[in-house]
Amino acid sequence: MTSATLEARLAALPRVRFLPWATPIEPQPGLSRLLGIDLLIKRDDLTGLAFGGNKVRQLEFYFGKAIAEGADTALITGAVQSNYVRVAAACAARLGMHCHIQLEERVSGVDQTYRSSGNVLLSRLLGAVLHSYPAGEDEEGADRRLGEIAAELEREGRRPFVIPLGAGQPPTGALGYVCCALELLGQARDFDRVVIASGSGHSHAGLLFGLRFLGWRGPVHGMCVRRGAALQQERILRHCSQLSVIVGDGATIGPEDVLLHDDVLSPGYGVVNPEVERAIRACASLDGLLVDPVYTGRAMAGLMHCVADGTITSGDRVLFVHTGGLPALFGYARDLGPLLTPRDGAFLSAGRSGPPLPMGAASR
């Protein structure tokens with residue numbers, strides 16, 4: 001299918017534009033030398049609104065539906081340090097809407113900084129009303145409770161719009177990354193593979209669907225940040241199937257297209273492990289690139305693991321989608337504290353954690 005066909009189909013869907021520019025693609029010379037690949041970063045941490053990130057693209061379509069329905073209040077659920085809810089609060093503020101945020105207890109053993117800094121602080125600053133939900137792995141229950149809050153607001157005269165959490169809902173947010181595929185291939189096509197964090201699956205599925213729709217057939221690696229590869233594959237395939245209904249036929253996505261890696265997921269969502277720590281430090285010290293502990297740091301750790309095990313081979317030109325999430329760095333001050341102590345190059349060696357990484361310049 002052509003880009004004009006995809007653009008026309010997307011233009012027919014309700015959308016509010018929050019992203020005024022195409023995010024750049026930047027080379028990473030330090031990480032490229034370390035890993036022996038040619039690493040490019042699609043800087044979706046620079047989407048602009050309230051510290052940006054991938055959720056800006058996703059929420060354009062949710063708020064498009066909200067405005068079309070005449071809503072004046074947005075409701076959304078996320079983890080305590082959710083980037084999604086922070087950006088939703090910013091979108092609502094820009095549109096003159098109210099925002100109610102339900103924070104679920106997805107990460108255990110956290111401190112007060114986690115509960116008050118980073119995305120929590122920003123959501124409050126943006127004027128959101130915060131609610132608590134006691135479970136962290138109950139998407140359907142969280143959606144039901146959000147529906148109850150919406151019903152209460154409706155009785156008060158509000159016109160609520162719920163942004164759902166559960167995987168069974170239409171993947172409206174994934175449309176933002178179908179658009180990203182258009183943008184990306186308009187900037188460059190000469191990369192061998194793509195790496196992206198895979199959590200809710202909207203960014204991963206939308207990008208995969210868009211790239212396949214436009215005829216790009218290279219590997220798209222999803223790095224699991226919340227659930228294991230088998231469960232996540234079911235989720236991505238379901239999202240892609242639903243996108244075929246929303247956008248129209250034009251991309252065939254099979255199990256062989258959905259490449260997922262959960263090698264660095266343990267011990268689970270939002271918990272910093274040695275591989276994630278190592279990736280955060282390497283990005284910062286080698287290229288001045290900041291990645292967060294939950295999504296991009298874990299995705300970069302997954303990329304490094306794929307280099308070490310040979311899945312990504314020497315000289316490959318790899319495009320890494322930086323999905324943002326940087327305010328969470330401040331919520332993780334306790335866990336990231338050890339990174340603030342200067343160290344020598346030993347942190348990049350096999351003695352630090354995991355197998356040794358290949359060194360040397362990329363071939364292209």
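Both backbone and side-chain heavy atoms feed into the values below; hydrogens, waters and symmetry mates do not.
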| query | Stepwise, does the side-chain contact (heavy atoms from CB on, under 4.5 Å) test hold for E156 with L153? | reply | CA-CA 5 Å; E156 295 171 5; L153 292 169; 3.8 Å; yes
| request: Look at the rings of Y62 and Y84 and say which category their plane angle falls in: under 30° parallel, 30 to 60° tilted, over 60° perpendicular. | output: tilted
| remark: The side chain to side chain contact (heavy atoms under 4.5 Å, CB included) partners of R334 (sequence neighbours excluded) come to D111
| request: For side-chain contact (heavy atoms from CB on, under 4.5 Å), just list the numbers for M223 and C306, CA-CA rounded to whole Å, side-chain angles, deciding distance to a tenth of an Å, and then say yes or no. | output: CA-CA 10 Å; M223 299 300 170; C306 284; 3.7 Å; yes
| Is it true that the side chains of N119 and S82 contain a donor and an acceptor less than 3.5 Å apart? | no
| message | Check the orientation of F18 and F63. Use parallel for under 30°, tilted for 30 to 60°, and perpendicular for over 60°. | response | perpendicular
| query | Would you call E137-R227 a salt bridge at under 4.0 Å N-O? | reply | no
| query | Has the side chain of Q58 got a donor or acceptor atom that lies under 3.5 Å from a matching backbone atom of T172? | reply | no
| Pair listing, salt bridge (charged side-chain N to carboxylate O under 4.0 Å, His left out) test, anchored in residues 285-298, at least two apart | none
| said: Checking the side chain of R86 only, and the main-chain atoms of A50 only, is there a donor and an acceptor separated by less than 3.5 Å? | reply: yes
| I253 and side-chain contact (heavy atoms from CB on, under 4.5 Å): which partner among S241, S244, C240? | C240
| Shortest non-hydrogen separation from C99 to T73 and the atoms involved | N-CG2, 4.5 Å
| remark: Quick note, salt bridge (charged side-chain N to carboxylate O under 4.0 Å, His left out) partners involving residues 231-247, not counting sequence neighbours, are E139-R235
| said: Can you confirm whether D38 sits close enough to D192 that some side-chain heavy atom of one is under 4.5 Å from a side-chain heavy atom of the other? | reply: no
| request: Examine L121 and L336 and state if one hydrophobic cluster contains both, with Ile, Leu, Val, Met, Phe, Trp and Tyr joined whenever side-chain heavy atoms are less than 4.5 Å apart. | output: no
| Minimum heavy-atom distance between K42 and I25, given as atom pair plus value | CD-CG1, 3.9 Å
| message | Please evaluate residues N54 and R57 with respect to the criterion side chain to side chain donor-acceptor pair (under 3.5 Å), reporting the C-alpha separation (whole Å), side-chain torsions for both, the decisive distance (0.1 Å), and the verdict. | response | CA-CA 6 Å; N54 61 327; R57 293 189 191 271; over 6 Å; no
| message | Within the structure provided, determine whether M300 and L39 are in side-chain contact (heavy-atom separation under 4.5 Å). | response | yes
| Between Y295 and R106, what is the shortest heavy-atom contact and its length? | OH-NH1, 4.3 Å
| Atom CZ of R212 and atom CG of L207: how far apart are they, to the nearest 0.5 Å? | 9.5 Å
| task | Could you tell me whether R17 atom CZ has more than 12 heavy atoms of other residues or ligands within 6.0 Å of it? | result | no
| message | Nearest 0.5 Å, please: how far is CE in M97 from CZ in F161? | response | 8.0 Å
| Can V194 be reached from L46 by stepping across I, L, V, M, F, W or Y side chains whose heavy atoms are under 4.5 Å apart? | no
| field | Side chain to side chain, E275 and M304, heavy atoms closer than 4.5 Å | value | no
| task | Kindly indicate whether a cation-pi arrangement holds for R145 with Y133, taking the cut-offs as under 6.0 Å to the six-membered ring centre and within 45° of the axis. | result | no
| message | Below 30° counts as parallel, above 60° as perpendicular, anything between as tilted: where do the rings of F213 and F209 land? | response | tilted
| Would you say the side-chain atoms of T47 pair up with the backbone N or O of G53, donor to acceptor, closer than 3.5 Å? | yes
| task | For H261 and T311, run side-chain contact (heavy atoms from CB on, under 4.5 Å): C-alpha distance rounded to whole Å, both residues' side-chain angles, the deciding distance at 0.1 Å, then the answer. | result | CA-CA 10 Å; H261 309 269; T311 301; 4.1 Å; yes
| said: I'd like to know if the side chain of Q187 and the backbone of T23 have a donor-acceptor N/O pair within less than 3.5 Å. | reply: yes
| request: Please report the closest heavy-atom contact between P160 and L75, naming both atoms and the distance. | output: CB-CD1, 3.5 Å
| message | V294 vs V276, test: side-chain contact (heavy atoms from CB on, under 4.5 Å). Steps then yes/no. | response | CA-CA 9 Å; V294 184; V276 172; over 6 Å; no
| said: Are L231 and R226 packed together at the side-chain level, in the sense that at least one heavy-atom pair is separated by less than 4.5 angstrom? | reply: no
| Any donor-acceptor pair under 3.5 Å linking the side chain of S117 with the backbone of T113? | no
| remark: Closest heavy-atom pair, N83 versus P327, reported as atoms and distance to 0.1 Å, is OD1-CD, 4.4 Å
| Sub-3.5 Å donor-acceptor pair from the side chain of Q233 to the main-chain atoms of P255, do we have one? | yes
| field | Neighbour count above 12 (heavy atom, 6.0 Å) for F330 CZ | value | no
| message | Can you tell me which residue among V85, L146, I101 is in a side-chain contact (heavy atoms from CB on, under 4.5 Å) with T77? | response | L146
| query | Do V107 and L103 share a hydrophobic cluster (ILVMFWY, side-chain heavy atoms under 4.5 Å, transitive)? | reply | yes
| query | For A197 and V225, which heavy atoms make the closest approach, and how far apart are they? | reply | CB-CG1, 4.1 Å
| request: Would you mind reporting whether L260 and H204 have side-chain heavy atoms less than 4.5 Å apart? | output: yes
| query | With distance as the sole test, does D262 use its side chain to make a donor-acceptor pair with the main-chain N or O of A229 at under 3.5 Å? | reply | yes
| said: Would the distance check show the side chain of H98 and the main-chain N or O of V129 forming a donor-acceptor pair, the cut-off being under 3.5 Å? | reply: no
